[in-house]
Structure formats: structure tokens, C-alpha cells
Amino acid sequence: MSARKFRYGPWDNGPDPLASPYDIREALDQLGRDVLSGASLREALRDLLRRGPQGRRGLDDLLSSARRRREQARRRGDLAGTLDRVRQMLDQALAAEKDTLARDPSDDARLQEMELDTLPDDTARAVRELSPYNWRSQEGRQTYEQIQAMLRREVLDAQFAGMKQALSGEDPAASQAVRDMLGDLNPLLAAHARGEDTTDRFAQFMERHGQFFPENPANTDELVDLLARRAAAAERLMRSLSPQQRDELAQLMAQALGDADLASQLGQLRDNLRALRPGLDWDSRARMRGQQPLGYGEAVEAVADLADLEALSEQLAQEHPGATLDDVDVEALERQLGSEAAIDMRALRDLERELERQGYVARGSDGLRLTPKALRRLGEAALRRVFQQISTSGRGDHDDHRTGAADEPTGSSREWRFGDEHPIDATRTVHNAVLRSATERRSSVSLSVEDFAIAETERRSSAAVALCVDLSYSMVQEGRWGPMKQTALALSHLIATRFRQDALEIIGFDRVARRLSPVQLADIEPDWIQGTNLQHALMLAGRHVRRHPDAEPVILVVTDGEPTAHLEPDGSPFFSWPTTHETLRATIKEVDALARYGATLNLFMLGEDEGLARFVDAVARRSGGRVFTPDLTSLGDFVVSDYLRSRRGFRRSA
């Protein structure tokens, strides 16, 4: 039996099945830095798409490239170059004819000279009036015929990219092939416009007439797109000319076709394309300012390129309401800026999808939001930053290093003493018995009281922590919003990952206070709300610590202003600036209640407000707490360090 033979080659049937998963960690870290700096997820994602993930161009770079190419396209050439070219060729034909006539002394030659001298200055009319002229000069006749052939090729090439080559000669079969193609094309487009399935019909059309479409469209929609692009450009080209130029060029084109049926088919094609793609720019003028004369087909392509670049500039700017990356025409982007630009754009599109697919963002009724998985990564980054500051300053400890019958094994052991309730270290106990038996030269091993060892543990206290953060608009104005978010997320991640026995509640307050999950805190956006209702925040903090009576109560307050709001007896918020005695009394009442309960109440004062300084000093004296005045860069350092310090002790009973 012969061995089976295998052939190996590059995979060409879709995405590489062995490719590594899309790595968005760097993009997520960039998002996290913006979110932790105070931006919302929507703003952070928008900025990331504008900058681009690492190693890829973003929307801003692509937009700059499109705008540069747009300016180059505008300087590409003179749209009226076809008229100049026809005028030049006509002058050559007339000069050759006049030279021939000058050598003929007959009266007929003089009459023909008069006929040529009375030709209109209008190029199109001159070409038309020369149609029945009996040329004496062979060179003149050939040049005149070249004008007609050139115009016919240019007109058709302006609509069909592969037409100029097909009509490069004077082969009647080629002209008939064009008529046959148009005869099949218009019914195909009409059927597509009616909503019919044209898959088979399109395949048959491309099999018969594919040589006219080097772009190789894959379906009827792509065929319509490429034809409509050029047809719209031709319409814009005509509108960009002066009325006299437009009239001359239209007459020349009509004369060049010289076939009523062909002209009718082309007119029907323009109508079909305009109906199928009404959203294209068909009516505006193309602002071209180049000096190099362009042929009609070249001018149409130049206008089509300009239209692409104008549309891409608008799409990449993403400034219109409801703009998304799906609005960007990737095919046009690749056509104008190259394959690398298309790859970058697809990467930007994939970024949002991958963030959602890999579970870092979730889409709700209010748009995208960060998930707990993303928050864990952001919290880890924020905490790492805080611990780097702590290690530099030498602050920070969390463990209560007294040995006891609690939580965490230290990895060491000691001999058992009467009354010990620690778990037996079985390995160390057997090890001691073997060593003792070997020393006593015994053949068997037996356990004795002195062999027993116990596993040492570190005692860790549990804490109920309430972190109260100021959300009033002054925090945004003074640039304190971002450091506040970083601090809260760092503390939340520390407790969630390393001190799970602790219970943390984040409480945000402006005119009223409310509980916030880490996800809600990351998503929260600044709002123009005046009011600092610390009384309500301390009320919620008190409820939190009382729900954990066996835990050490720790309350941390981050604020940049004295209280200016409190809750009325009916639960409605009252705001006044400057603050009132009623607000201060209501706030101090909550401070006293927490002090009686034995809670540690420490305040982190941001800014240099004199009224706030007097207030926090008074609160610290009444509650036995401390006041910190960190700068913004060290806020997380101070809050996390104080949390670690505060919970080392045990709560004394009230």
C-alpha cells in the first residue's frame, strides 16, 4: 500500500486558525489610565480610538492622512483639460488643412479657406460644423477623426474603468460588445432595484462582460457602488465647469457617441445609478485647482477620488450625531490610503468588539460600561501605583503580628503547650518523634507529649470600611476627580483581593449621598451639582459599620469643601452656600454618633479652604480622628496607608 502524500501551503480560507487571540491588554490599560484620570468610559474609548492602540494608527492619524491626500487631489489637474486637448488637436488639423489648401491655386481651395476662416470660436460647434467637411489634407482628416475617437473613449472610460483599453482600436466588434454589455447591465440594475435576487444573473453578466470591470466586483451591490461612484463624479465634474465649458463639453460628448441607442443606454444607466445610490454627492461642485490638463476620464477619476477623500474626512472625524466606526468606508479607505490604513481601521473596529467579547466591557441600555473583570485590572494597576509610592515613603503595614488562634498560617511551628488551641502541625510532630526515636536507638517510632508541635498563625482583624468621596463639581474644576477615582478603586481592589474579611462600602456624596459599586464609580461622570452633603454620607457610613458589629469600624472621608447640604426631617436635601448652622449641626450629630460607636473617622482635606480646615479640625477633635492634607499625587498613598494603619488595632467597646 503506497504512503499517502500531503501538500502544504499558506492558509487562504479565512482568518489564521493558529493566530494568537487578539491582545487588548495594552488598549485596556490605556482605557484604564483615562478612566482613572476622571474620564468616563465613553470618553476614554473615544480618545483611545482617536490615538489608536499601541502599534496602530488611530482616527486622528488616518484623518490627517485623508486630509493631506484630499489637498493633493484638489491640485491634481485642470478639469477642463479635455476641451484644451480638443482645441489643440483641432488647431493641428486646421493648420494641416490650410497648408494643403495654400498650395492649390483653384477657386475651390479659396472657398474652402473661407469656410475654415468662418468657423465659430466655440470648440464644440467648430467640431460639429466640420463633420461634413471634405478634407484635402490626409493629416488633417486623421487628426479630426482622432478627436472623435478620443472623445468616445474618454466618455465611456469615465463610466467604465476597462473601456478605454477595449476601445483603443476601431474594431466594430468592440463597439458592439459595449452595446451588448449596456443592454444586459441596465436590466440587471432594474431587477436589483425592484428587490429581486440577482445572484445568478450577476454571475452570468460578469462571465460575459467581466473584461469591462477590472475591479472584479463580487456581487450586484459592489457593481452598483463602483459604477455609481464614477457616474456621480462625472456629474460633479460637469457642474464644476463654467457654463460655457459645460455646454461645449456636453456637445462634444454627444457628437463623439454618434449613436442614439448608445446615448440612450448611457442615460438610462445614469438614471438607474442615481436611483440606487441617492445618498452620493451628485450635485455639488468639485473644487479643483490644478494646472495640469486632465482628460475627461482622468478628470472624472480625479473627482471620484476627491469625493472619496471628502467623505472619508467626514467619516473619520466622527463629529456627526450617532457617528460610529461602521460609518467608515473601509474599501474607499484602502483605495485612497492603502492596505495598511484599512488594516488599522479594521483593528479599531475589532477593538470595541474584542473588549466586549473578552468580557471587559458590557453593553447596556445606556451604552458601554466596564465590567467587574475590567475593574479588577484597573484596581490592580491603581493599587500597584499606590504601593510604589508607599514603598518609597516607607509607610504601610496591615498585619497584626501577634500569634493567636486565627486566620493565616505563618509557615512556622512551635512546641505544644498546655492550653494551646492551635492546629497540630502533623509533619513537624512526626518529624520530632522520628528524631527522638533515632536518638534513643529504638526500632519503632512512638509519639510522646514533647513531640507535638502546633502551626503558628497570624491574627488578622476584620474591618468595616466606609470610604466617603466628594462628587461635587468643585472636585472636577480643581482636577481632583481622577485621583479620587484612583484612590477608591485601589482601596477596593486591596480589600477584595488581600483582605476579603473586610467589608468596604464606597459612598459618593454631592447634594445627596448614595452607595456606589466600583463599577458605578468608574462609570460615573461629573455633573454640575452644587452641594456637599457630608451628613448624609456619614449616615450611610454609620449604617454600614453597624451591619458588621464584630468588625473594626473605619471611616475615611475625602472632600474639598465644608458641608453645604443636609437632609431635612422629611428626607429632602437642603442646600445653602455659604453653609448654615443647621447644616453644621446635622453633620456634627452624625460625627458624634459614629464617635460613640467607636468608629475611626479620618479626613483627607483637598485644597486650602479655610472654612473646610476649621471644620475638619473640629471633627477630628470630637471623634479622636486625624486630618490629612495630601497633594493630589499622593492621595491614594495616604488613604491606603491610613486604612492599613487604622485596622491594626481592635475595636474598643463603646
Side-chain angles (χ1 to χ4, degrees), residues 386 390 395-396 463-472 474-475 478 480-481 483-488 490-492 504-511 513 515-516 521 531-545 552-566 578-579 583-649 651:
V386 168
I390 290 177
R395 291 196 301 270
V465 185
L467 175 62
C468 304
V469 291
D470 193 342
L471 302 180
S472 61
S474 60
M475 293 281 286
E478 301 299 329
R480 298 161 183 157
W481 191 268
M484 175 272 293
K485 274 190 176 185
Q486 294 183 47
T487 299
L491 184 60
S492 171
L504 171 67
E505 184 157 88
I506 301 172
I507 300 170
F509 62 96
D510 38 46
R511 191 164 295 189
R515 302 179 183 89
L516 297 171
L521 179 67
T532 305
N533 197 338
L534 181 58
Q535 177 243 3
H536 192 193
L538 294 177
M539 183 185 301
L540 296 181
R543 293 175 186 172
H544 172 64
V545 298
E552 179 184 0
V554 178
I555 298 175
L556 311 173
V557 177
V558 179
T559 185
D560 70 345
E562 61 182 320
T564 57
H566 67 277
T579 189
T583 295
L584 292 176
R585 279 197 296 268
T587 306
I588 292 298
K589 180 180 177 182
E590 295 299 327
V591 171
D592 291 343
L594 291 170
R596 288 193 300 271
Y597 187 71
T600 299
L601 177 57
N602 294 334
L603 299 101
F604 300 84
M605 186 179 75
L606 304 179
E608 300 177 354
D609 182 79
E610 294 182 0
L612 174 61
R614 291 192 298 269
F615 172 77
V616 296
D617 286 341
V619 169
R621 286 195 300 272
R622 295 179 76 97
S623 65
R626 294 186 298 274
V627 176
F628 301 91
T629 56
D631 58 42
L632 292 179
T633 59
S634 59
L635 175 61
D637 175 7
F638 273 75
V639 171
V640 171
S641 295
D642 186 63
Y643 159 70
L644 298 175
R645 185 187 306 110
S646 296
R647 68 172 312 286
R648 277 207 298 262
R651 174 185 160 230

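Only heavy atoms go into these numbers, but all of them, side chains included; no hydrogens, no water, no symmetry mates.
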Would the distance check show the side chain of [X] and the main-chain N or O of [Y] forming a donor-acceptor pair, the cut-off being under 3.5 Å?
X: Asn533; Y: Arg511; value: yes
X: Thr587; Y: Thr583; value: yes
X: Thr532; Y: Thr564; value: no
X: Asn602; Y: Gly625; value: no

Would you give the length of the straight line joining atom [atom1] of [X] to atom [atom2] of [Y], rounded to the nearest 0.5 angstrom?
X: His544; Y: Leu504; atom1: NE2; atom2: CG; value: 6.5 Å
X: Ile588; Y: Arg622; atom1: CD1; atom2: CZ; value: 5.5 Å
X: Cys468; Y: Ile507; atom1: SG; atom2: CD1; value: 4.5 Å
X: Leu467; Y: Thr487; atom1: CG; atom2: OG1; value: 8.0 Å
X: Thr579; Y: Leu612; atom1: OG1; atom2: CG; value: 11.0 Å

message = For His566, give me all partners under ring-ring contact (aromatic ring centres under 6.0 Å, His included), at least two apart in sequence or on another chain.
response = Phe574

message = Which residue is it: Val557, Leu491, Val469? I am looking for the one with a side-chain contact (heavy atoms from CB on, under 4.5 Å) to Val639.
response = Leu491

inquiry  = Let's go through Asp617 and Arg614 carefully: what are the C-alpha distance in whole Å and the side-chain angles of both, what is the deciding distance for side chain to side chain contact (heavy atoms under 4.5 Å, CB included) to 0.1 Å, and is it a yes or a no?
reply    = CA-CA 5 Å; Asp617 286 341; Arg614 291 192 298 269; 6.0 Å; no

message = Show the nearest heavy-atom pair for residues Ala464 and Val545, with the distance to one decimal.
response =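 In terms of heavy atoms, the two residues are closest at O-CG1, 3.7 Å.
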
request  = Could you give me the CA-CA distance, side-chain angles and deciding distance for Leu556 and Leu601, then say whether side chain to side chain contact (heavy atoms under 4.5 Å, CB included) is met?
outcome  = CA-CA 6 Å; Leu556 311 173; Leu601 177 57; over 6 Å; no

Does some side-chain heavy atom of [Y] sit less than 4.5 Å from a side-chain heavy atom of [X]?
X: Leu540; Y: Phe509; value: no
X: Leu594; Y: Leu538; value: yes
X: Arg543; Y: Arg515; value: yes
X: Leu584; Y: Phe615; value: yes

query = For Asp470, what residues pass the salt bridge (charged side-chain N to carboxylate O under 4.0 Å, His left out) criterion, not counting sequence neighbours?
reply = none

